[in-house]
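Contents: one structure, followed by commentary.
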Protein chains: 2
Amino acid sequence: MSDTQDVLFRTLADPTRRALFERLCREGEKTVGALTARAGVSQPVVSKHLGILKQAGLVRDRHEGRQTHYSAQLGALAPLVDWTSEMAGFWQNRFDQLEDLLKRMDQ
Amino acid sequence: MSDTQDVLFRTLADPTRRALFERLCREGEKTVGALTARAGVSQPVVSKHLGILKQAGLVRDRHEGRQTHYSAQLGALAPLVDWTSEMAGFWQNRFDQLEDLLKRMDQ
DNA sequence: TCAATCCATAGCCAACGGGGTATGGATTGT
DNA sequence: ACAATCCATACCCCGTTGGCTATGGATTGA
């Protein structure tokens with residue numbers, strides 16, 4: 001139900017955006033130019049995606065002269081981890097309930 | 001790079017679809033009719049979303065007479081968990097590298 | 001000061017996708 | 001046999017969005 005999960009999923013759904021985030025995770029802080037060089041899309045597109053990633057809290061930007069450095073904010077992935085854990089938890093609960101049922105049937 | 005991750009993210013990006021999957025996780029197996037009752041969208045839309053979820057491996061369907069029962073396939077979430085772990089791992093590596101650098105500088 | 005570089009914004013277009021209604025096949029009930 | 005129910009498919013519509021080019025502000029270098 002939480003809206004932050006929705007933002008995260010929608011933001012990471014795009015391959016180009018996810019690739020940018022992955023590069024920032026793998027290689028650390030990068031400038032827009034460096035990211036554009038191997039992104040396969042134009043610089044304005046990269047800037048737009050970085051803006052969306054920033055709005056989702058997945059990246060930070062740091063201005064230095066005329067270039068902007070972006071870096072991954074890994075903590076922002078927490079809601080995603082929580083969601084998967086929650087889903088797994090529900091499954092576990094239902095599994096436990098099934099176990100209980102089988103035990104009761106066994107008696 | 002893996003394509004299964006892309007499918008998962010794209011599939012779960014839609015709120016309606018994620019809500020359907022969540023209900024199946026929480027409440028277990030449901031028929032299309034039962035899901036439609038509280039989905040807020042029409043039955044054909046529910047069917048379409050279930051088809052997409054099935055194609056992504058997130059749900060199973062079981063035919064019984066004229067109704068179809070759907071249930072969550074939680075194992076399909078594994079690539080998503082792997083991806084987040086991988087991203088966290090990269091971050092950890094870079095943190096370790098920073099630690100090493102600081103240690104070397106300290107000497 | 002003037003040119004060049006870096007980046008963000010604006011505007012545009014085409015494609016994708018999620019919504020609806022209409023319909024038909026399959027099954028169940030009368 | 002006929003009606004009714006359940007579901008899936010086909011088709012259309014429109015809003016969203018991801019891509020592009022053009023442009024301009026800001027900064028650096030000459």
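Below, chains carry the letters A, B, ... as their sequence lines are ordered, and counting in each starts from 1.
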inquiry  = Does the protein touch nucleotides 16-23 of chain C at the base, only the backbone, or not at all? Give it as B, S and - per nucleotide, heavy atoms under 4.0 Å.
reply    = --SBBBB-

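Rounding to the nearest 0.5 Å gives a distance of 10.5 Å between CG of B/Leu24 and CE of A/Met87. Rounded to the nearest 0.5 angstrom, B/Leu74 CG and A/Thr84 OG1 are separated by 9.0 Å. Between A/Phe9 atom CZ and A/Thr4 atom OG1 the span is 10.0 Å, to the nearest 0.5 Å. In this structure, A/Cys25 SG and A/Leu20 CG are separated by 11.0 Å, a value rounded to the nearest 0.5 Å. A distance of 7.5 Å separates CD in A/Glu64 from CD in A/Glu29, rounded to the nearest 0.5 Å.
Looking at A/Leu80 and A/Gln5, their side chains never come closer than 4.5 Å, going by heavy atoms from C-beta outward.
Between B/Tyr70 and the phosphate of D/dA8, there is a side-chain N or O to OP1/OP2 separation shorter than 4.0 Å. Taking side-chain N and O atoms only, B/Thr68 has no distance below 4.0 Å to OP1 or OP2 of D/dC6.
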Identify the pairs formed between an N or O of the protein and an N or O of nucleotides 26-29 of chain C at a distance under 3.5 Å, and give each distance.
from   : atom 1 : to      : atom 2 : distance (Å)
C/dT27 : O2     : B/Arg66 : NH1    : 3.2

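Cluster membership for B/Leu12 and B/Val7, using ILVMFWY side-chain heavy atoms within less than 4.5 angstrom, is not shared.
The residue B/Thr36 sits apart from the nucleic acid: no heavy atom pair falls under 4.0 Å.
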Donor-acceptor pairs under 3.5 angstrom involving side-chain atoms of residues 46-61 of chain B: please list them, not counting sequence neighbours.
from    : atom 1 : to      : atom 2 : distance (Å)
B/Ser47 : OG     : B/Gln43 : NE2    : 3.1
B/His49 : ND1    : B/Arg17 : NH1    : 3.4
B/Lys54 : NZ     : B/Asp61 : OD1    : 3.4
B/Lys54 : NZ     : B/Asp61 : OD2    : 3.1

